[in-house]
Amino acid sequence: MYRTHDCNSLRKTDIGKQVMLAGWVNGTRDHGGVIFIDVRDREGLTQVVFRPEENAELAKQAHTLRGEDVIQVSGRVAARLPGTENPNLPTGDIEIIPNELRILNRADPLPFPLDAEPQNEDLRMTHRYLDLRRRRFARNLQIRHRAAKATRDYLDSQGFVEVETPILSKSTPEGARDFLVPSRIMPGKFYALPQAPQQYKQLLMVAGVEKYFQIAKCFRDEDLRADRQPEFTQIDIEASFVTPDDIFALTEGMLAAIFKAARNIEIKTPFDRLTYREALERFGSDKPDRRFAMELVDLGETFRESSFKVFRGALDAGGVVKAINAKGFAGITIGQADELTEIAKLHGAKGLAFIKAESGEWKSPIVKFFNDPEKTALQSKLNIEEGDCVFFAADKWEVACEVLGRLRLRIAEMQELMPPREIWDFLWVIDFPLFEWSADENKWNAMHHPFTRPKAGDMLLFEERKFPEVRAEAYDVVLNGVEIGGGSMRIYEPELQDKMFEALSIKPNDRESQFGHLLRAFRLGAPPHGGIAFGLDRLVMLICGEQSIRDVMAFPKNNRAMDLMTQSPAEVDPKQLRELRIRLAGAAPESRAPSGPK
RNA sequence: GGAGCCUUAGCUCAAUUGGUUAGAGCGCCGCCCUGUCACGGCGGAGGUUGCGGGUUCGAGCCCCGUAGGCUCCGCCA
C-alpha cells in the first residue's frame, strides 16, 4: 500500500490519525532546523513538518528533497501551531508529523517552472507530461472526462447506441484533404483516415440502428489554428425518423446535461433560432457572437437617392450600404484605423469609410457628401452620440456583411467589450444555403456536405437548378461566437442523391466508384434520417474558459502538426517502405537536386 | 501559399544613440538559518545573444538571408 489518503482530504477532524501519503514534492522550505515539505498529488497539497530534534535521521533525508521528487510519507496528523494555520489551503489547519519517509524517485531540475504562468509553448509541449501536472490542465482533463461521460449517459438515456466505425476508411473527393494510409496487402492502394464518420453513420441508419452516436476521432490534413488540430474529437449523432426539431431538442438536452456535469452550470433552453440570412444581416457572421451589441444597420433606404457616388453606386448595382456604430470609439488611434482598413480590404472592401462624432461635430471626409435628411436619418438609425465612431460598408450584400462582421469582432477586442462575467449564449443558425459557388473550381459545392437535403419548400428551386436560392435542411449550434456543432437532414432517396451529385458536377463514373455503396444502400430500404456532430474539443475549450483547444487535449500537435514530445512525424525504416512498395519521389528539400536552367 | 509579432543564462526578462568584462529575478550548486507556506541571508557556477552573411574602427542593437515558435488570412464539405 502506498497511501491511506490523498493530499486534499485531511482536516481538523483527522488529528491524531496515523496516515500515509504519496505524491510529488511541491515545495520545500528548509529553515536549517525545521523543514516544511508540501506533498502534492492530483487532489491537492498537504504540509509535512520535519523536526531534527524529534527525528534527526528523517530531517537529514528531508533536507535532500527537491521539487518534483516523488515521495511517500507516513506519519501522524497534527494541528498546526496556533497562528500558523494557512487559510488558503483546504488542508491548512493540519500538518503531518512524519515517522517514515521513502524517496520513491528523484527528479532532475525541471526545464520550466510549474508554479508560474505557462509560457514557451514548444518547451511545454516537449515535456507535456510536466505541463499536465499543473492544476489548470489537470482540471481541464477532468472537465473533459465529465463532459464525455455526461454525453454517453445522456444519449444512452435517450435510447442511443454507441457504435464504433472504421478508422481505416476510404478517401472521398469532397471536403478536406485526407490523411492516407498505404495498404501493404494491396500495394498501390490507400486507406484514408475519416474526416468524420458521415457515410458510416448514414449506413447505420439503413442498417436499422435508428439511434446512433459515437465519440469519434476525426482527421483532416489541413493547416492548423488555435481551434483546429489535425486530429480532433466529434460527438457524432444520427437518428432515423426524426425532424430538425427532434435534433434540436436532443441537442439542447445533451448540452444542458454536459454543462451541469462538467461545471454545475444551468444553461437556458431552448436556444434562439436565427436564419443564416438574418445572422449575416445583423451580425455579419454565420456564427454570431451576441455577447455584445454593435449590430449591423441597413442604410439602403437612407442613401437610395444619395448624391454620394460610392453609396449610390453600390445600391444601383444591387448591393447594400450598411454600417455599425462603435459606441465610444471616437478615440480610435491611427494604428487601429489602419488595421481595420486592412481587414476591410482583405475581405473584399475597396476601402473603409468612418465617421467620428467628436467635439459636437462629425469628423469624416465623407460627411460633406451627405445632405441634411441623410444626416438626420443616419443619426437616428445608428443612434449616433458624442464619442461614437461609425464604420460603413457599401458593396455586394455578402461582402458588406462579412466586412462589417469582421470589423465588429476586431473592434470589440480593441474596445474590450466582452463582459467579464461568464455568459453562455447558445443559438441555432438555420436555413443555410445548400450550395456555394467555387470560383476556383468553376462549379457548385455543397456548403454543408453532399448528403444534405434541400428544404422541402425549396425542392422546386432545386429541380429548376436555381442553386443560389436553394436552402438546405441544415443547422449549426453556436456558442459565444464559436461554431460548436452542425448537422442536417440527409438525402435518403437514390434519385435525389444522384441529382445532388450531378449538381455538384461529380461524373457518373466517379459517383459509382466513390459513392456506389451509399446509392445501393438507399435502394434497399433507407429510412428518412438526419443528425448532428459536435466538436468536443471546442465545446470543452469553452467550458474550461480556454482560448485554444490545445489546452484541453492531453497531447496536442503544434502549428506544423508535429508532436514535439515524440518528435512525430518521423522518418521510417526503408524496409517498411519496401514492404509498402513506396519509393520517395524526392528526399528532404535541402538535399533535392537543383532545378535545371529554364 | 501569404501577413504580423517573437527568438539574449535551464525559465521569465533587461541591456540609453551602435561603444568597457552582456545584467536581474527565479531555478541550480555551496554555506548559514527551528514555524514557513513565493521562507529568509551570504557566496558561486551558468552565455557561440537561433543560425549564416553584410555594413562599421566597433553589432545583442543596423541591413540581407535563413531556421524555429505563436497568431491570423487562404485552406478546413
Gap between atoms [atom1] and [atom2], on [X] and [N] respectively (whole Å):
{"X": "Asn445(A)", "N": "rC76(B)", "atom1": "CG", "atom2": "P", "answer": "8 Å"}
{"X": "Arg228(A)", "N": "rC72(B)", "atom1": "CZ", "atom2": "P", "answer": "9 Å"}
{"X": "His347(A)", "N": "rC73(B)", "atom1": "NE2", "atom2": "P", "answer": "6 Å"}
{"X": "Arg410(A)", "N": "rC73(B)", "atom1": "CZ", "atom2": "C1'", "answer": "14 Å"}
{"X": "Arg66(A)", "N": "rG30(B)", "atom1": "CZ", "atom2": "P", "answer": "7 Å"}
{"X": "Glu95(A)", "N": "rU34(B)", "atom1": "CD", "atom2": "P", "answer": "17 Å"}

When rounded to the nearest Å, what value does the distance between [atom1] atoms of [N] and [M] take?
{"N": "rC42(B)", "M": "rG68(B)", "atom1": "P", "answer": "45 Å"}
{"N": "rU34(B)", "M": "rC51(B)", "atom1": "P", "answer": "47 Å"}
{"N": "rG74(B)", "M": "rU12(B)", "atom1": "P", "answer": "32 Å"}
{"N": "rG27(B)", "M": "rG44(B)", "atom1": "C1'", "answer": "14 Å"}
{"N": "rC62(B)", "M": "rC76(B)", "atom1": "C1'", "answer": "41 Å"}

Establish, yes or no, whether a centroid distance under 6.0 Å links the rings of Phe36(A) and His31(A).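 Judged by ring-centre distance (under 6.0 Å), Phe36(A) and His31(A) do meet the cut-off.
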
Using the benzene-type ring in the case of Trp, are the ring centres of Phe501(A) and Phe515(A) under 6.0 Å apart?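 Yes: the rings meet the under 6.0 Å criterion.
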
No-H, no-angle donor-acceptor pair, [X] side chain to [N] base, under 3.5 Å:
{"X": "Arg225(A)", "N": "rG74(B)", "value": "yes"}
{"X": "Glu53(A)", "N": "rU34(B)", "value": "yes"}
{"X": "Asp223(A)", "N": "rG74(B)", "value": "yes"}
{"X": "Arg406(A)", "N": "rC72(B)", "value": "no"}

More than 12 non-hydrogen atoms from neighbouring residues, nucleotides or ligands closer than 6.0 Å to [atom1] on [X], yes or no?
{"X": "Arg135(A)", "atom1": "CZ", "answer": "no"}
{"X": "Glu54(A)", "atom1": "CD", "answer": "yes"}
{"X": "Arg228(A)", "atom1": "CZ", "answer": "yes"}

State which of [options] makes the closest approach to the side chain of [X].
{"X": "Pro109(A)", "options": "rG68(B), rC28(B), rU34(B)", "answer": "rC28(B)"}
{"X": "Arg550(A)", "options": "rC37(B), rU71(B), rC73(B)", "answer": "rU71(B)"}
{"X": "Ala176(A)", "options": "rC28(B), rC76(B), rC70(B)", "answer": "rC76(B)"}
{"X": "Arg560(A)", "options": "rG69(B), rC73(B), rU36(B)", "answer": "rG69(B)"}

RNA chain B: 5'-proximal contact among Glu121(A) and Gly67(A) (nearest heavy atom):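 Whichever sits nearer the 5' end wins; that is Gly67(A).
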
Given that Arg220(A) and Asp227(A) both sit by RNA chain B, which one's nearest nucleotide is further toward the 5' end?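 Looking at the nearest nucleotide for each, Asp227(A) comes out on the 5' side.
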
Tell me yes or no: between the side chains of [X] and [Y], is some donor less than 3.5 Å from an acceptor?
{"X": "Arg128(A)", "Y": "Thr126(A)", "answer": "no"}
{"X": "Ser171(A)", "Y": "Asp178(A)", "answer": "yes"}
{"X": "Thr165(A)", "Y": "Gln214(A)", "answer": "yes"}

If the test is side chain to side chain donor-acceptor pair (under 3.5 Å), which one of Arg490(A), Glu238(A), His529(A) qualifies with Gln202(A)? His529(A)

Quick tally for nucleotides 2-11 of chain B: nucleotides whose base has a protein heavy atom under 4.0 Å get B, sugar-phosphate-only ones S, the rest -, giving --------SS

Check against side chain to side chain contact (heavy atoms under 4.5 Å, CB included), Val49(A) and Ile96(A): CA-CA 6 Å; Val49(A) 191; Ile96(A) 306 296; over 6 Å; no

What residues from residues 21-32 of chain A pass a heavy-atom cutoff of under 4.0 Å to RNA chain B?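 Only Arg29(A), Asp30(A), His31(A), Gly32(A) qualify.
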
